[in-house]
Amino acid sequence: MLRLETIICTFSVLSFAARADFKARNCSDVREACIGKGFSFAHVPLQEIPGDHLRVCPQGNTCCTQEMEDRFGQQSKQDFENLLDEMSHVLRSTFVSRHKRFDEFFLELLENTERSLNEMFVRTYGKPYMQNSEVFENLFAELKRYYTGGNVNLEEMLNDFWSRLLERMFTLLNSQYVITEDYLECISKYTDQLKPFGDVPRKLKAQVTRAFIAARTFVQGLSVGREVAQRVSKVSSTPACMRALTKMLYCPFCQGMPAVKPCKNYCLNVMKGCLANQADLDPEWNQYIDAMLLVAQRLEGPFNIESVMEPIDVKISEAIMNMQDNSAQVSYRVFQGCGQPKPAGMTRSTRGVSDVFNARFRPYSPEERPTTAAGTSLDRLVVDIKEKLKLSKKFWSNLPEVMCVEDRVTAGNTSDEECWNGHTKGRYFPEVQKDGLTNQVNNPEVSVDITRPDTFIRQQIMALRVMTNKLKNAYNGNDIYFQDSSDEGSGSGSGSGCTEVCPTDMDGAATEAPVVRADRSGPVGGSALLHAPSVALPTMLALSALALHRQWR
C-alpha cells in the first residue's frame, strides 16, 4: 500500500509539473504576430493545445488550430508568389522597357529616314519624284512590314524596288517614246545585265539585309525574353512545395516561436525544390543571353541600322545619277533587246524643262537633318541593353539564393542555433541540394517527382532555343526564313556570310560629274534618239544630286 501511495504521489507531482510547464508556454506572442500579419482567425488558443489535428506542422503541443494551419498554407502560397514576383520584377521590367525603347527607336528611325528622303527628293527632283513617290513609299512600307514581323523576303523586295525605279526612270529618260506595260516587263528582264544603277543596289542590299535582319531579330529576342520572364515568374507551385513552404514559414507560429526565422540552408533546400524546373531553364537562358550579346555587337558595328538608314536617300540619289550617266548605253541595249518603242509625238517630247523640274532646289543645311530617333542613338541604346543583359545571366539558378537572403525570409548565417530547422529552433544539418530537377531526388524538404518535368517550363525552354538559333543566324547576317545566296557570288543579301566589316556603301562610287553635252541638236550617229531634249532633265537632276551629295559629305 505504501508503495502504491508513493507511485500515486510521484505521478501527481509529475502531472503538476507538466501542467505548470504547459501553462508557462502560452500563445500570446502567436496571437500578436497573427494580428500583426493581418490574420483574422476566429480563435487563437490562449495556451498550447494538443496538435493531433495538424497535417503539416509538427504534432504535439501547439498554438495552432486546424483553421490556422489551413490559412497559413494559403498565405504561404501567396507569400511565395509575391516573393517570386518581387525578385523577378527587375528582370521583367528590364526586358519590357528595353524592348519598348528599341522598338520606338527603330520605328522612329524609319519614319525620320522616309521623311528625309521625301523632303530631299521633292527639293531635288520636284515633280518627277512626286509623280513617282509611291515607289519609295512602298519601299519603306515593306521595310516596316519586315521589321514588324511580316513575311517579307528582303532580297526580293529590294530587287523589286530597283526594277520599279528602273521602269520609272527609263520612261522619264525616254519620254519621246510610248513605253507600254509590256515594254516595261521586257526591260525588267535585262536589269541584272544592264546594271543601270551601278554598284549601289548590290551594296545597299547587302547592308540593308544585314542590318534589318539583325535589328528585327534583336527586338524579337527582347520580346521573347520579356515573355519568358513574365510567364516563368507566374508558374504555380506543386502541393508538395506548398506544404514545405508552410512548414518553413509558419510552423514556427504553431510552435509558439513566431519571431524565429528559417535557417539559411533549410530555406535553400525548400526553394531549390520549389524552383527546380525554373533552374532547368537556366542553361538555355544563358545561351540565349550570349546570343543576344553577339547580335548587339553586330548592331554596334557592321550591322548598325542607324548608319545604314540615315544616308539611304543619298545612296539612292547616287544610283539615280548613275542611271542618268549611263542612260545612252542603257537605252541602246534595251532597244536592242526589246525593240524600239513607238514615238510619242511632239506633245510629250517638247515639254520644257521647267515643267518637270523643280528649280527651287535648295541643299540641306546640317541643322535640318532629322533629329536622332527616340532621343537617343543606337550605340547608346545597345550599350545600355548589353549591360542589363549581362546582369540577367544565371538569373533562374540564382533565384533560391536571392529569395533566401537574410532579413527577407531567413535568419541568415549569424546564428546557426537560433533559426527554425523545420522541427524546432536549432541547427539545420542536411546538405544543400544542387540546382535543377534531377538533383532534387533526395531533397529532404520537398518531395519532387523528377520524372515529370513541368510542361510549361519546357515550352519556355523550347522558345528560348528557337530564338537562340535565330539570333545565331542573324549574327552571321542570315535570315532564318529567307536564305538566298544567289547574289552573283558576292555574299551579299540575306544569305550573306559576311561576319566582319563588309565593304562600305560608297566604295568605288562615282566622284566625277556626268558629262553634259553642249550640243544636243545635231545627230550623233545611230544613237541620236538617245539625246532628245528630254535628256536635259536627268542631266540637271544628276548635277543637283551630285552637289547635294558633296555638301552632305
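Residue numbers count from 1 along this sequence.
In this structure, the side chains of Asn159 and Lys205 come closer than 4.5 Å at one or more pairs of heavy atoms. Residues Phe429 and Asn265 are not in side-chain contact: their nearest non-hydrogen atoms beyond the backbone lie 4.5 Å or more apart. Proximity of Asp384 to Arg98: side-chain heavy atoms (C-beta onward) are separated by under 4.5 Å at one or more points. Residues Asp280 and Thr438 fail the side-chain proximity criterion, which asks for heavy atoms closer than 4.5 Å. By the 4.5 Å heavy-atom criterion applied to side chains, Leu275 and Phe80 are counted as neighbours. Taking the side chain as every heavy atom from C-beta outward, Met467 and Thr217 approach each other to under 4.5 Å. No side-chain heavy atom of Gln255 sits less than 4.5 Å from a side-chain heavy atom of Thr424. Within the 4.5 Å cutoff, side-chain heavy atoms of Phe136 are placed close to those of Ile316.
In summary, Lys100 and Glu104 engage in a salt bridge, as defined by a charged side-chain N under 4.0 Å from a carboxylate O. Residues Lys315 and Glu310 are not paired through a salt bridge, judged by the lack of any N-O separation under 4.0 Å between the basic side chain and the carboxylate. Lys77 and Glu81 are joined by a salt bridge, as a carboxylate oxygen and a charged side-chain nitrogen come within less than 4.0 angstrom of each other. Using a cut-off of 4.0 Å between Lys/Arg side-chain N and Asp/Glu carboxylate O, Lys394 and Asp282 are scored as not salt-bridged. Note on Glu142 versus Arg145: salt bridge recorded, some NZ/NE/NH1/NH2 to OD/OE distance being below 4.0 Å.
Here the side chain of Tyr266 pairs no donor or acceptor atom with the backbone of Cys419 at under 3.5 angstrom. Side chain of Ser88 to main chain of Leu91: no donor-acceptor pair is present (N/O by atom type, distance under 3.5 Å, no hydrogens or angles). Remark: side-chain polar atoms of His53 are paired, donor with acceptor, to backbone N or O of Cys64 under 3.5 angstrom. In this structure, the side chain of Gln440 engages the main chain of Lys434 through a donor-acceptor pair within 3.5 Å. For Asn269 (side chain) and Gln433 (main-chain N/O), a donor-acceptor pair under 3.5 Å exists by modelled atom type. Remark: the backbone N or O of Ile461 is not paired with any side-chain donor or acceptor of Glu284 at under 3.5 angstrom. With Asn277 contributing its side chain and Asp454 its backbone, the two residues share a donor-acceptor pair below 3.5 Å. For the pair Asn82 (side chain) and Gln78 (backbone), a donor-acceptor distance under 3.5 Å is present. Counting only distance, with no hydrogens or angles, the side chain of Asp103 and the backbone of His99 share no donor-acceptor pair below 3.5 Å. A side-chain donor-acceptor contact under 3.5 Å links Thr113 to the backbone of Leu109.
A pairwise comparison of heavy atoms in Arg458 and Pro453 identifies NE-CB, 3.3 Å as the closest pair. Nearest heavy-atom pair, Leu158 versus Thr209, reported as atom, atom and distance to 0.1 Å: CD1-CG2, 4.1 Å. The nearest pair of heavy atoms linking Ala211 to Ile305 is CB-CD1, 3.4 Å. Cys34 and Phe253 get closest at one heavy-atom pair: SG-CD2, 4.1 Å. Arg210 and Pro302 get closest at one heavy-atom pair: NH2-O, 3.5 Å. Closest of all the heavy-atom pairs between Val382 and Ala296 is CG1-O, 3.5 Å.
Cysteines Cys57 and Cys251 place their SG atoms closer than 2.5 Å to one another. Sulfur-sulfur distance for Cys254 and Cys63: not below 2.5 Å, with no disulfide indicated.
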Handout entry: CA sep, side-chain torsions, deciding dist, call: Gln66, Leu54, side-chain contact (heavy atoms from CB on, under 4.5 Å)
Key = CA-CA 6 Å; Gln66 183 65 60; Leu54 298 180; 5.6 Å; no
Exercise for the section: Just do the side-chain contact (heavy atoms from CB on, under 4.5 Å) check on Ile289 and Ser392 with the steps written out, would you? Expected result: CA-CA 8 Å; Ile289 294 296; Ser392 71; 3.3 Å; yes
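Here the straight-line distance linking atom CE of Met68 with atom OG1 of Thr62 works out to 7.5 Å at 0.5 Å rounding. With values rounded to the nearest 0.5 angstrom, Glu114 atom CD is found 9.0 Å from Lys144 atom NZ. Note that CG of Asp313 is 5.0 Å distant from CG of Leu117, once rounded to the nearest 0.5 Å. Once rounded to the nearest 0.5 Å, the distance linking CZ of Arg380 with CG of Leu378 reads 10.5 Å. To the nearest 0.5 Å, atoms NZ (Lys390) and CD1 (Ile385) are separated by 13.0 Å. One distance of note links CD of Gln220 with CE of Met292; it measures 10.5 Å at 0.5 Å rounding.
Annotation: Glu431, atom CD; neighbour count of heavy atoms from other residues, nucleotides and ligands within 6.0 Å does not exceed 12. A 6.0 Å sphere centred on NE2 of His89 holds no more than 12 heavy atoms belonging to other residues, nucleotides or ligands.
Checked against salt bridge (charged side-chain N to carboxylate O under 4.0 Å, His left out), Asp79 has no partners two or more places apart in sequence or in another chain. Residues passing the side chain to side chain contact (heavy atoms under 4.5 Å, CB included) test with Val383, sequence neighbours excluded: Glu300, Glu387. Under the rule for a salt bridge (charged side-chain N to carboxylate O under 4.0 Å, His left out), the partners of Asp85 that lie at least two apart in sequence or sit in another chain are Arg92, Lys234. Annotation: salt bridge (charged side-chain N to carboxylate O under 4.0 Å, His left out) contacts of Arg164 (sequence neighbours excluded): Asp160, Glu167. Here Arg31 pairs with nothing under the side chain to side chain donor-acceptor pair (under 3.5 Å) rule; sequence neighbours left out.
For Phe95 and Trp285, the ring centers sit closer than 6.0 Å to each other. For Phe161 and Phe140, the ring centers are positioned 6.0 Å apart or more. Annotation: Phe72 is in aromatic contact with Phe41 [ring centroid separation under 6.0 Å].
A donor atom on one side chain and an acceptor atom on the other are not found under 3.5 Å apart for Asp435 and Ser397. Side chain to side chain, Asp379 and Ser377 fail the donor-acceptor criterion of an N or O pair below 3.5 Å. Of the N and O atoms on the side chains of Arg115 and Asn112, at least one donor lies less than 3.5 Å from an acceptor on the other residue.
Under a cutoff of 6.0 Å and an axis angle of 45°, Arg231 and Phe456 do not form a cation-pi pair. Cation-pi geometry between Arg298 and Tyr475 is satisfied (NZ or CZ under 6.0 Å from the ring centre, within 45° of the ring normal).
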Side chains of residues 241-248: which donor-acceptor pairs under 3.5 Å do they make with residues two or more places apart or in other chains?
{"from": "Arg243", "atom 1": "NH2", "to": "Arg55", "atom 2": "O", "distance (Å)": "3.1"}
{"from": "Thr246", "atom 1": "OG1", "to": "Ser76", "atom 2": "OG", "distance (Å)": "3.3"}
{"from": "Thr246", "atom 1": "OG1", "to": "Met242", "atom 2": "O", "distance (Å)": "2.8"}

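Exactly one residue among Asn153, Asp479, Asn151 makes a side-chain hydrogen bond (donor to acceptor under 3.5 Å, both in side chains) with Tyr146. That residue is Asp479.
The aromatic rings of Phe106 and Phe102 sit parallel to each other, their planes meeting at less than 30°, with 60° as the upper class boundary.
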